[in-house]
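Reminder, nothing fancy here: chain letters follow the sequence lines and each chain counts from 1.
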Number of protein chains: 2
Amino acid sequence: MSEPLRPDMFDELCPSSMLPFRFGDKWAALILRCLEEGPRRYSELRVPLRRVTPKVMTRSLRALERDGLVSRTVYEGLPRRVEYGLTPLGRSMLEPLDAACAWAAEHWEELLDAREAYGNGGTPRQ
Amino acid sequence: MSEPLRPDMFDELCPSSMLPFRFGDKWAALILRCLEEGPRRYSELRVPLRRVTPKVMTRSLRALERDGLVSRTVYEGLPRRVEYGLTPLGRSMLEPLDAACAWAAEHWEELLDAREAYGNGGTPRQ
DNA sequence: CAGAATCCAGAAGGATACTG
DNA sequence: CAGTATCCTTCTGGATTCTG
């Protein structure tokens, strides 16, 4: 149904932490992106998000679940299998997220220039 | 040119801190809203944002200025006068902000219901 | 496999008081 | 008027190690 997530999915794109907006916590928007094409297992998500520790990723996922944006399904068996997927509400949030990303793509240079011009050359928030 | 900002501008609307997205820091989006109809003085902004301490508000404004979203103009004289206004870049960001707000307005109930259903009745992040 | 437990550092936000 | 300066608490995210 959906192809495997590329490990470098966020290697280039990842200045997202420099953007002047955030959806959920630091990793939430990236998770939503990963789920766009269908449900994913925990370990699948960990591939492009390998720089996120398991504790933090679980917390992000729980927060998304709490807000009704993501669903969590456990398939018992050995090995265990847990799938995360977008709820209709979660999918609906891709719309404002896309709007924000479009803005970022369009104004990325202006943003960098502004920080450059301000003095300190745009310290990333990490 | 623009009417005074209502002191209660964010009294009702202020569950904004419960939303699953943020533009800039905690107060940035509210500041952008205040500047929508034209430049405002520091003390004008402090009226609807009276619950923000001066230090924090100044830091928010500086961050917005650094990102080129807001301009700061000083008019010397006694008493001093400092005006903040949206730059074209700042105004352009009202678009994704509006998209996010529209989403929130449309799905606010679902969000609350999801938190309610999750267990703990939606602890506000403050 | 899908996490939980513990410990820790830095950032964000706030209270209060003071100033050019 | 438009901020600064200090001090302090909380929140976030991360490193590391361990488990049903």
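- In this structure, A/Phe23 and B/Phe21 have tilted ring planes: the angle between them lies in the 30° to 60° band.
- B/Arg46 pairs by the side chain to side chain donor-acceptor pair (under 3.5 Å) definition with nothing, not counting sequence neighbours.
- In this structure, the side chains of A/Ser2 and A/Glu44 stay at 4.5 Å or more apart for every pair of heavy atoms.
- Identified under the side chain to side chain donor-acceptor pair (under 3.5 Å) test for residues 68-77 of chain B, with sequence neighbours left out: B/Arg72-B/Tyr84.
- Remark: C1' of C/dC1 and CZ of A/Arg40 are 17 Å apart, rounded to the nearest angstrom.
- Contact of the A/Pro48 side chain with the A/Cys34 side chain is registered, since non-hydrogen atoms from C-beta on lie closer than 4.5 Å.
- Phosphate contact (OP1/OP2 of D/dG13, side-chain N/O of A/Arg22, threshold under 4.0 Å): present.
- For the pair B/Val82/B/Arg41, no side-chain contact is recorded, criterion being any heavy-atom separation below 4.5 Å from C-beta on.
- Between B/Arg50 atom CZ and C/dA15 atom P the separation is 14 Å, expressed in whole Å.
- With rounding to whole Å, A/Glu76 atom CD is found 11 Å from C/dC1 atom C1'.
- For the pair B/Lys26 and C/dG14, the criterion of a side-chain N or O lying under 4.0 Å from OP1 or OP2 is met.
- Computed from coordinates, the A/Arg59 CZ to D/dG14 P distance equals 9 Å when rounded to whole Å.
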Between the protein and nucleotides 1-3 of chain D, list every N/O to N/O distance that falls short of 3.5 Å.
unit_1: D/dC1; atom_1: O3'; unit_2: B/Arg41; atom_2: NH2; d: 3.1
unit_1: D/dC1; atom_1: O3'; unit_2: B/Arg80; atom_2: O; d: 3.0
unit_1: D/dA2; atom_1: OP1; unit_2: B/Arg41; atom_2: NE; d: 3.2
unit_1: D/dA2; atom_1: OP1; unit_2: B/Arg41; atom_2: NH2; d: 3.1
unit_1: D/dA2; atom_1: OP1; unit_2: B/Val82; atom_2: N; d: 3.1
unit_1: D/dA2; atom_1: OP2; unit_2: B/Ser43; atom_2: N; d: 3.0
unit_1: D/dA2; atom_1: OP2; unit_2: B/Ser43; atom_2: OG; d: 2.6
unit_1: D/dG3; atom_1: OP1; unit_2: B/Arg72; atom_2: NE; d: 3.4
unit_1: D/dG3; atom_1: OP1; unit_2: B/Arg72; atom_2: NH2; d: 2.8
unit_1: D/dG3; atom_1: OP2; unit_2: B/Tyr84; atom_2: OH; d: 2.6

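- Regarding B/Lys55, its NZ atom lies at a distance of 10 Å from the C1' atom of D/dT4, rounded to whole Å.
- Distance, A/Asp25 CG to D/dG14 C1': 13 Å, rounded to whole Å.
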